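I have placed the structure first, in the form of structure tokens, so that the comments after it can refer back to it.
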Protein chains: 2
Amino acid sequence: MMNTYASSDAIACLRQAGIPVTHQRIEIARALFSAPVHLSADQIWAKVLEASPDVSRATVYNTLRLFSEKKMIRELFVDPQRVVYDSTTAPHYHLYNIDSGEVRDISDDELRVIGQPRLPAGVVLDAIDVIVRVRNRAV
Amino acid sequence: MMNTYASSDAIACLRQAGIPVTHQRIEIARALFSAPVHLSADQIWAKVLEASPDVSRATVYNTLRLFSEKKMIRELFVDPQRVVYDSTTAPHYHLYNIDSGEVRDISDDELRVIGQPRLPAGVVLDAIDVIVRVRNRAV
DNA sequence: GTAAGTGCAAATGGTTTGCAGATTC
DNA sequence: GAATCTGCAAACCATTTGCACTTAC
């Protein structure tokens, strides 16, 4: 199988992040980084199972949390009870379709955030999330 | 008790939104609109119980959903498993402290979103959510 | 060889739902 | 008086956790 993102790439990526390498983590990394994606944990699990049927759901959830902590991926809270993982970590914004659940990136020339908020003392900036919510036109 | 937001105000507000008036809804409206607040459903429930000890949690959850649908309040998805209700519906953005859970409004002169995303065909804009995430400075 | 990761299944916890009884207009 | 809302407790469901086993180096 000709994959743009090979196991060796995934291994290098994990090593660089200081994460011990395992089969499962390699498969999860490949599911995420073969192409830019916006997927829920269960969608990623399904994708991983295609390549490697012996990965448990719990491992996928735990690994996604680990990757998020290591800033390899980004968590998007588009809905309560629905976390979407974004394999692109460069700053950018999102368009979310409430009806279909679809997430799309917004390019920098479409929307820009200017200014910076006054931060209360003792806190540091973590991220700026912009989510443009749309719905299907009413029938 | 001298409340800035009396029951009569709440009743008027509910009528205007086309929502049948009940004791419970009046109390929930007062908890929300006596002052601008950012509260979770359970925090609102606790506040309502102080004034009226016979309101169930389910009613608070259902009513908050109803108010959101009627655009009387706004739901903020600051965290999975945590919806915060904002009693201010005018467009504005938010600062969220990941560690403390605190939500604060960001005024228009601090941060501004410019441009408008190209919307896919068949969809309409619902809302633009901007959440600036901060954390307490590491010790 | 040892520390760490994994799988399973059970626990978690905020939110919702079904239904009988109470309220509103 | 009819339709609706509320309370209770059980159901939900994505996510997490505990623990015995397996794996990586």
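None of the values given here were measured: they were computed from a predicted structure. Chain identifiers are assigned alphabetically (A, B, ...) following the order of the sequence lines, protein sequences preceding nucleic acid strands; residue numbering begins at 1 within each chain.
Smallest separation of non-hydrogen atoms from B:A31 and B:I44: CB-CG2, 4.4 Å.
If you take OH on B:Y96 and CZ on B:F77, they are separated by 13.5 Å, rounding to the nearest 0.5 Å.
Within residues 67-79 of chain B, no residue approaches DNA chain D, by heavy-atom distance under 4.0 Å. Across residues 53-60 of chain A, A:R57, A:A58 each have a non-hydrogen atom less than 4.0 Å from an atom of DNA chain D (numbered order). Of the residues in residues 15-22 of chain B, those placing a heavy atom less than 4.0 Å from an atom of DNA chain D are B:P20, B:T22, in numerical order.
Of the two residues near DNA chain C, B:N62 and B:Q24, the one whose nearest nucleotide lies more 5' is B:N62. When each of A:R25 and B:V83 is assigned the nucleotide of DNA chain C with its nearest heavy atom, A:R25 is the one assigned upstream, toward the 5' end.
Under the side-chain hydrogen bond (donor to acceptor under 3.5 Å, both in side chains) criterion, A:S7 pairs with A:R30, not counting sequence neighbours. By the ring pair (Phe, Tyr, Trp, His ring centres under 6.0 Å) test, A:H94 pairs with A:H38, A:H92, sequence neighbours left out. The side-chain contact (heavy atoms from CB on, under 4.5 Å) search around A:D99 returns A:N97, A:R135, A:N136, not counting sequence neighbours.
The salt bridge (charged side-chain N to carboxylate O under 4.0 Å, His left out) pairs that include a residue from residues 82-94 of chain B number zero, where partners must be two or more places apart or lie in different chains. Every pair passing side-chain hydrogen bond (donor to acceptor under 3.5 Å, both in side chains) that includes a residue from residues 49-58 of chain B is listed here, sequence neighbours excluded: B:D42-B:R57, B:S52-B:D54, B:S56-B:T59. Annotation: salt bridge (charged side-chain N to carboxylate O under 4.0 Å, His left out) contacts involving residues 62-81 of chain B, sequence neighbours excluded, comprise B:K71-B:D126, B:R74-B:D129.
You can see that DNA chain D meets the heavy atoms of chain B within a 4.0 Å-exclusive cut from D:dC5 to D:dA9, reading 5' to 3'. Boundaries of the chain B contact region on DNA chain C are C:dG14 to C:dC25, first to last in 5' to 3' order (nucleotide atom under 4.0 Å from a heavy atom).
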Residues A:E102, A:R133; criterion salt bridge (Lys or Arg N to Asp or Glu O under 4.0 Å); working and verdict:
CA-CA 10 Å; A:E102 185 192 2; A:R133 286 169 207 284; over 6 Å; no
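Among the protein residues, A:R82 comes within range of no part of the nucleic acid, since none of its heavy atoms lies under 4.0 Å from any strand.
The shortest side-chain heavy-atom distance between B:L76 and B:V83 does not fall under the 4.5 Å cut-off. Residues A:P120 and B:R104 form a side-chain contact, since some pair of their non-hydrogen atoms from C-beta on lies under 4.5 Å apart.
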Using distance only, find each side-chain donor-acceptor pair of residues 12-23 of chain A under 3.5 Å and give its atom names and separation, not counting sequence neighbours.
{"unit_1": "A:T22", "atom_1": "OG1", "unit_2": "A:R25", "atom_2": "N", "d": "3.2"}

